[in-house]
A.B. asks: 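Below is a structure I'd like to ask you about.
On a predicted model such as this, the values are computed, not experimentally measured, just so you know. Proteins come first, then strands; the chains are lettered A, B, ... in the order of their sequence lines, and each starts at number 1.
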Amino acid sequence: MTSIRANFFSGVYTDTNNPVELPPRQTTPEHPMKHIVAKLVNDALAGLPELAEAAADLAVETTVERTRDARHGDFASNVALQLAKPTRKNPRDIATRIVDALGTDEQITKIEIAGPGFINFHMSAAAFHAELGSILDAGNAYGRQAKKESPKILLEFISANPTGPLHVGHGRLAAFGAAVGNLLEATGYQVHREYYVNDAGRQMDILGASVWLRWLEANGISVPFPKAGYRGEYIRDIAGEIDTGGLVLPNADDVLQGLPDQESEDDWDAYVDALIAKASDLQGEDGFDQIRQQSLESIRAEIEDDLADFGVTFDQWYSEQSLAKSGRIDDALTVLEERGLLYKKDGATWFPATDFGDEKDRVVIRANGAKTYFASDIAYHFDKRERGFDYLIDILGADHHGYVARVRAGLEAMGYPGDDLEVELVQFVSLYRGGKKVAMSTRSGQFDTLRKLRAEVGNDAARFYYVMRSNDQHLEFDLDIATSQSNDNPVFYIQYAHARIASVFRKADELDLYWDQDNGRTNLDKLVAPQEKALLSAMSRYPEIVELAAKNRAPQTLVHYLRDLVSDFHSSYNAHKVLGDDANLRDARLALYAAVRIVVANGLAILGVSAPEEM
RNA sequence: GCGCCCGUAGCUCAACCGGAUAGAGCACCGGAUUUCUAAUCCGGAUGUUGCAGGUUCGAGUCCUGCCGGGCGCGCCA
């Protein structure tokens, strides 16, 4: 293991100017049908020198899309339209040239030019049957791509301060982050999930002081509680639980003596600072630290439990304290110093963030000698890269958008491309109950915790609702709908499809109509109803949807897809009885539904929602 | 004041590097069950994509300005 400084002197920092790119929208063999179309187009272009040049910087795969309208076939390419400009030719003429040069494939039944120059491809029924077969073969691996060796992704999310329980806003970060992690993994990336614990700095002192006061209170010493302190009931709980062995209860007079008032808001900070000083003074540094460390570990463990119950786990809980203790912050500052990227002003040490695109320069060491949060951030993100992760994703609350530029600036100053840091901002959550907005405030103690929300609506509805909307949209979380067991509730609508299918298979067993899978597979051409064809087509899109959702970090894409898929299923189910007398048709339909069940279960798994056998 | 995000049907929201007629759910009205789970299905309509320009063969999507909402702008974390 080389040390940070050794790396610095060996010049590693300057050798990283090429941004790592997540391979975008490449068509893989996991999407056989789309791949077939893309390959045909690609080959045709290769044989057309006058077009090949213009097409060279065009990713042909990306021009191939599913059609929205069945009349346009199954896939369409707008490649001719894309090439119209650089070649200065009529797009319909280009399309004609391409179509004439297209090879044939037995899975494609018809190719036509439509509209301004789209090339539409109609796939054969056999193509969809083959896809259904691979769904059944792959099972829970369907839609998952082969493992990619690089880039190795570090996904940081939630990272809520350990000063109290997670609230409903953190829940959205949790559900979104977990779903994005699952999506990336499904598309083959190696993802390291990390929670950064802000367990250093003044807020920990405030937490410690808050607990200390509750402990004194429980022992008969009443002190005006700081308005800037943490007033939630959980602070009392912690005060009652922590090990106070070795701590000597101080005199009430000693605690109260010399405390400033906190009449106006301007005094709040001074008052809580005075209490922190008192705590250190009267309990000793070690004594106060004993309270502080236990308090934060109690809360951190509570958060970890809460998340685990929510189905959200991490590979690593990264302590900010450990950054300081291991010297990584000092090392980072040393690197900046050696590079001439620090300067002194007004007694503080500054980092010239404006040189790296930030709005203003930032302080890293205050005049009082304390390192800022930003100094930790530089060291932390630098450390992420040093640990071998070459693509960083931070999922942050939208109120943190101001930090993005400076953290990126910090990374660049440390020698890593800023583009390798991606930040996804998640907008706020508003809870509605009975049509009224529920107010939240951590400090006042009147907040809705994630735990309470989960108890009220259940994990499945919570996970689902949190990712149902785009992360850059405010989320209105309607508790009445989330808890309703009715057709208002999309999560049940999807789960119900899964349960319904499971029920059909149970029923088949009861009736001794055992599913002959092989027979079903060889009779797929019996699936001629429009609803069944729609289902076949919808299912075959799943791998493309997963890739699209992963690429865009957009779990809601998967949510919408699942609802559409399941809608097709319910239509089909309603229109056609499965367990009929015709064994060939029956086995074929069971094959169809077995595949639907697989796709639904796989999709829900990515979202972190259960797929029940019965409801 | 400056910066970032958002503005799409009555409501909540989709819309795949700009692509074909902007789509769902809810709400509302009417219908379907002697049948494998009715938490289901079938039918019925709704748009100046905030406004005004611009780029383009093509704009909800890109650019400029304005209006409205959210967030941020500390030697706090």
A.B. asks: Report the nucleotide, chosen from B:C75, B:C71, B:A39, that has the shortest atom-to-atom distance to any side-chain atom of A:F428.
C.D. replies: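 It is B:C71.
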A.B. asks: Is A:H72 stacked on the base of B:A20, meaning ring centres closer than 5.5 Å and planes within 30 degrees of each other?
C.D. replies: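 A:H72 vs B:A20: stacking yes.
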A.B. asks: Would you mind classifying the nucleic acid contact of A:K345 as base, sugar-phosphate or nothing, using non-hydrogen atoms under 4.0 angstrom?
C.D. replies: base
A.B. asks: If you look at every strand shown and take non-hydrogen atoms under 4.0 Å, does A:H498 touch a base, only sugar-phosphate, or nothing?
C.D. replies: nothing
A.B. asks: Do any N or O atoms of the protein come closer than 3.5 Å to N or O atoms of nucleotides 13-16 of chain B, and which pairs are they?
C.D. replies:
| unit_1 | atom_1 | unit_2 | atom_2 | d |
| --- | --- | --- | --- | --- |
| B:C13 | OP1 | A:H474 | O | 3.0 |
| B:C13 | O2' | A:R469 | NH1 | 2.8 |
| B:A14 | OP1 | A:S470 | N | 2.6 |
| B:A15 | O2' | A:R68 | NH2 | 2.5 |

A.B. asks: Assess the side chains of A:Y514 and A:D512: does a donor N or O sit below 3.5 Å from an acceptor N or O?
C.D. replies: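 A:Y514 vs A:D512: donor-acceptor pair found between side chains.
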A.B. asks: So what is the 5' to 3' dot-bracket string for RNA chain B, if pairs are Watson-Crick or G-U wobble with both distances under 3.5 Å, crossing pairs use [ ] and | means the partner sits on another strand?
C.D. replies: (((((((..((((.....[...)))).(((((.......))))).....(((((..]....))))))))))))....
A.B. asks: With a non-hydrogen cut-off below 4.0 angstrom, is A:S503 in contact with a base, only sugar-phosphate, or nothing?
C.D. replies: base
A.B. asks: Are A:R362 and B:A77 close enough that a side-chain N or O sits under 4.0 Å from OP1 or OP2?
C.D. replies: no
A.B. asks: Is A:N120 touching bases, backbone alone, or none of the nucleic acid, heavy atoms closer than 4.0 Å?
C.D. replies: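 A:N120: base contact, heavy atoms under 4.0 Å.
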A.B. asks: Using only side-chain N and O atoms of A:R366, determine if any of them is under 4.0 Å from OP1 or OP2 of B:C76.
C.D. replies: yes
A.B. asks: Taking atom types as modelled, find out whether A:Y403 and A:D394 have a side-chain donor-acceptor pair closer than 3.5 angstrom.
C.D. replies: no
A.B. asks: Mind checking A:E510 for me? I need base, sugar-phosphate or nothing, with any heavy atom below 4.0 Å counting as a touch.
C.D. replies: nothing
A.B. asks: Could you tell me whether the side chain of A:S571 and the main chain of A:Q531 form a donor-acceptor pair under 3.5 Å?
C.D. replies: no
A.B. asks: Students often get this wrong, so: under 4.0 angstrom with heavy atoms, is A:D399 touching a base, only sugar-phosphate, or nothing?
C.D. replies: sugar-phosphate
A.B. asks: Side chains of A:Q321 and A:Q293 only: does a donor on one sit below 3.5 Å from an acceptor on the other?
C.D. replies: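 On atom types as modelled, these side chains qualify, holding a pair under 3.5 Å.
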A.B. asks: Side-chain polar contacts of residues 560-570 of chain A - donor-acceptor pairs under 3.5 angstrom, sequence neighbours left out - could you list them?
C.D. replies:
| unit_1 | atom_1 | unit_2 | atom_2 | d |
| --- | --- | --- | --- | --- |
| A:Y561 | OH | A:A538 | O | 2.7 |
| A:H570 | ND1 | A:R500 | NH1 | 3.0 |
| A:H570 | NE2 | A:Y493 | O | 3.4 |

A.B. asks: B:G18 and B:C62: how far apart are their C1' atoms, nearest whole angstrom?
C.D. replies: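 It works out to 8 Å between them.
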A.B. asks: Contact class for A:N90 vs. all strands (heavy atom < 4.0 Å): base, sugar-phosphate, or nothing?
C.D. replies: nothing
A.B. asks: Looking at the side chain of A:L81, which of B:A77, B:G19, B:A24 is the nearest nucleotide?
C.D. replies: B:G19
A.B. asks: Taking only side-chain N and O atoms of A:K371, does any of them lie within less than 4.0 angstrom of OP1 or OP2 on B:C75?
C.D. replies: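 It does not, given that no N or O in the side chain of A:K371 lies less than 4.0 Å from OP1 or OP2 of B:C75.
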A.B. asks: Mind checking if A:A114 touches a base, just sugar-phosphate, or nothing, with heavy atoms under 4.0 Å?
C.D. replies: base
A.B. asks: Donor-acceptor pair, distance only, cut-off 3.5 Å: does the side chain of A:T67 make one with the backbone of A:G73?
C.D. replies: yes
A.B. asks: Would you tell me if any nitrogen or oxygen in the side chain of A:R71 comes within less than 4.0 Å of OP1 or OP2 on B:A20?
C.D. replies: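 Looking at the OP1 and OP2 atoms of B:A20, neither is under 4.0 Å from any side-chain N or O of A:R71.
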A.B. asks: Mind checking if A:A367 touches a base, just sugar-phosphate, or nothing, with heavy atoms under 4.0 Å?
C.D. replies: base
A.B. asks: Quick one: do the A:Q203 and A:N161 side chains pair a donor with an acceptor below 3.5 Å?
C.D. replies: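 Indeed, the side chains of A:Q203 and A:N161 share at least one donor-acceptor pair under 3.5 Å.
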A.B. asks: Strictly below 4.0 Å: does A:Y380 bring a side-chain N or O up to OP1 or OP2 of B:A77?
C.D. replies: no
A.B. asks: Applying the 5.5 Å / 30° rule, does A:F118 stack onto the base of B:A20?
C.D. replies: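 The base of B:A20 is stacked with A:F118 (centres under 5.5 Å, planes under 30°).
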A.B. asks: For a quick check of understanding: with a heavy-atom distance under 4.0 Å over all strands, which category does A:A405 fall into, base, sugar-phosphate or nothing?
C.D. replies: nothing
A.B. asks: Using a heavy-atom cut-off of 4.0 Å across all strands, would you classify A:A508 as base, sugar-phosphate, or nothing?
C.D. replies: nothing
